[in-house]
Each structure stands twice: as C-alpha cells, then as structure tokens.
Amino acid sequence: MATVVELLSLLLVSVLWGCTNPFLKRGTEGIENVPKSNKISQFLAEIKFLCLNLKYLIPFLLNQSGSLVYYYTLSTTELSMAVPVANTLAFVFTLITGKLLGEEFGGKQAVAGMVLTMFGITLCVISSVEDKDSQLQNVTLN
C-alpha cells in the first residue's frame, strides 16, 4: 500500500519536475544567439551559456533534486504506481505553471487531458490501496 509519505514524495517530485519545466524553457532563451565557427566550439559555448545563466541553472538544479527524490521514492514505492503518478502530475504542474507565466494553455483539450489524467491517477492509487487491503485480508484469514 502506498503510504502518505510515498504519495507526498511523488507529489514533491511532480511539483519539482513540472514547475521547473517552463522556467527551463525561459532560461534557454538566447542560446540561439551563441554562434560559433564549428560544432565543437558551438557545443562548448552553449554549455558555458547555460552554466553561467542563473535563469537556467536554478530551475535545472531544482529539477534534478526532484530526480533524486524520485529515485529514493522508487526504492520504496511500487513502480506500477510511482511512474504514472509522478510523470502525469508533472505534466499537469507544467501546464499550470506555464499558464501562470503567460504561456499558451491549449484550451479545452488541455483541460480535458488534465481531468482524464487526474482520473487515471486516482484509479492507480485506489487500485494500489485495494490490492494491498485484499492481500492483508488474505494473510489475516490464513
């Protein structure tokens, strides 16, 4: 059964991943203006641009801290629940954060997608709880 701590950890991962995505997108603005003569110097100039750009670096580090929490959570949570919950909620938080930052939302289709996503996550959590409850009943009956 998914504990409250596991669910909160997955929520934290989703927030860290989803809310940082629009900021990462904004932090890369201007990278196309870093032209160099060959591919290697172009690559190195772009890496330098990103590493010295706090608008990119701070969201990137927060995003990666979400990955650390995710890997820790995977060690204690069922994969069949952890992966869909974290990834789909990250998508929802990306849409919400993007909208708050003034990005295009996607209209009614995006809202319908979020509702269906939340419904699917609810089914995953309920299924996980019911499976554990039935296993617990079988153990107590034997």
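Predicted model, so just to flag it, every value in this text is computed and none were measured.
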Answer whether the closest heavy-atom distance between the side chains of [X] and [Y] falls below 4.5 Å.
{"X": "Glu29", "Y": "Lys55", "answer": "no"}
{"X": "Ser65", "Y": "Leu16", "answer": "yes"}
{"X": "Leu57", "Y": "Leu50", "answer": "no"}
{"X": "Phe91", "Y": "Leu95", "answer": "yes"}
{"X": "Lys39", "Y": "Phe43", "answer": "no"}

Are [X] and [Y] joined in one hydrophobic group, where the rule is that I, L, V, M, F, W and Y side chains link up if heavy atoms are under 4.5 Å apart?
{"X": "Leu7", "Y": "Val15", "value": "yes"}
{"X": "Leu54", "Y": "Phe23", "value": "no"}
{"X": "Ile58", "Y": "Leu52", "value": "no"}
{"X": "Leu123", "Y": "Val92", "value": "no"}
{"X": "Phe60", "Y": "Ile31", "value": "yes"}

- Can you list the steps and then say if Thr97 with Leu101 is a side-chain contact (heavy atoms from CB on, under 4.5 Å)? CA-CA 6 Å; Thr97 304; Leu101 293 174; 4.1 Å; yes
Within the side chain of [X], is there an N or O that forms a donor-acceptor pair under 3.5 Å with the backbone of [Y]?
{"X": "Glu104", "Y": "Gly98", "result": "no"}
{"X": "Glu6", "Y": "Thr3", "result": "yes"}
{"X": "Asn53", "Y": "Gly27", "result": "yes"}
{"X": "Arg26", "Y": "Tyr56", "result": "no"}
{"X": "Thr20", "Y": "Trp17", "result": "yes"}
{"X": "Thr94", "Y": "Gly18", "result": "yes"}

To the nearest 0.5 Å, what is the distance between [atom1] on [X] and [atom2] on [Y]?
{"X": "Ile40", "Y": "Gln42", "atom1": "CD1", "atom2": "CD", "result": "12.0 Å"}
{"X": "Asn87", "Y": "Thr117", "atom1": "CG", "atom2": "OG1", "result": "11.0 Å"}
{"X": "Ile96", "Y": "Leu89", "atom1": "CD1", "atom2": "CG", "result": "9.5 Å"}
{"X": "Cys19", "Y": "Asn63", "atom1": "SG", "atom2": "CG", "result": "10.5 Å"}
{"X": "Ser41", "Y": "Lys48", "atom1": "OG", "atom2": "NZ", "result": "12.0 Å"}

- Return the minimal non-hydrogen interatomic distance between Val85 and Ser14, and the atom names on each side. O-OG, 3.8 Å
- Message: If you compare all heavy atoms of Ser9 against all heavy atoms of Thr73, which two are closest, and at what distance to 0.1 Å?
- Response: CB-OG1, 3.3 Å
- Query: Please walk me through it: do Leu11 and Phe93 pass side-chain contact (heavy atoms from CB on, under 4.5 Å)?
  - Reply: CA-CA 10 Å; Leu11 182 65; Phe93 284 114; 3.9 Å; yes
- Message: As a quick check of understanding, evaluate side-chain contact (heavy atoms from CB on, under 4.5 Å) for Tyr70 and Val83, giving each step before the final call.
- Response: CA-CA 9 Å; Tyr70 181 66; Val83 174; 3.3 Å; yes
- Which of Val4, Leu10, Val5 passes side-chain contact (heavy atoms from CB on, under 4.5 Å) with Leu8? Answer is Val4
- Around Leu100, counting heavy atoms of other residues, nucleotides and ligands shown, do more than 12 lie under 6.0 Å from its CG? yes
- Message: Set out, in order, the CA-CA distance, both residues' side-chain angles and the distance that settles side-chain contact (heavy atoms from CB on, under 4.5 Å) for Tyr72 and Leu68, then state yes or no.
- Response: CA-CA 6 Å; Tyr72 172 75; Leu68 291 174; over 6 Å; no
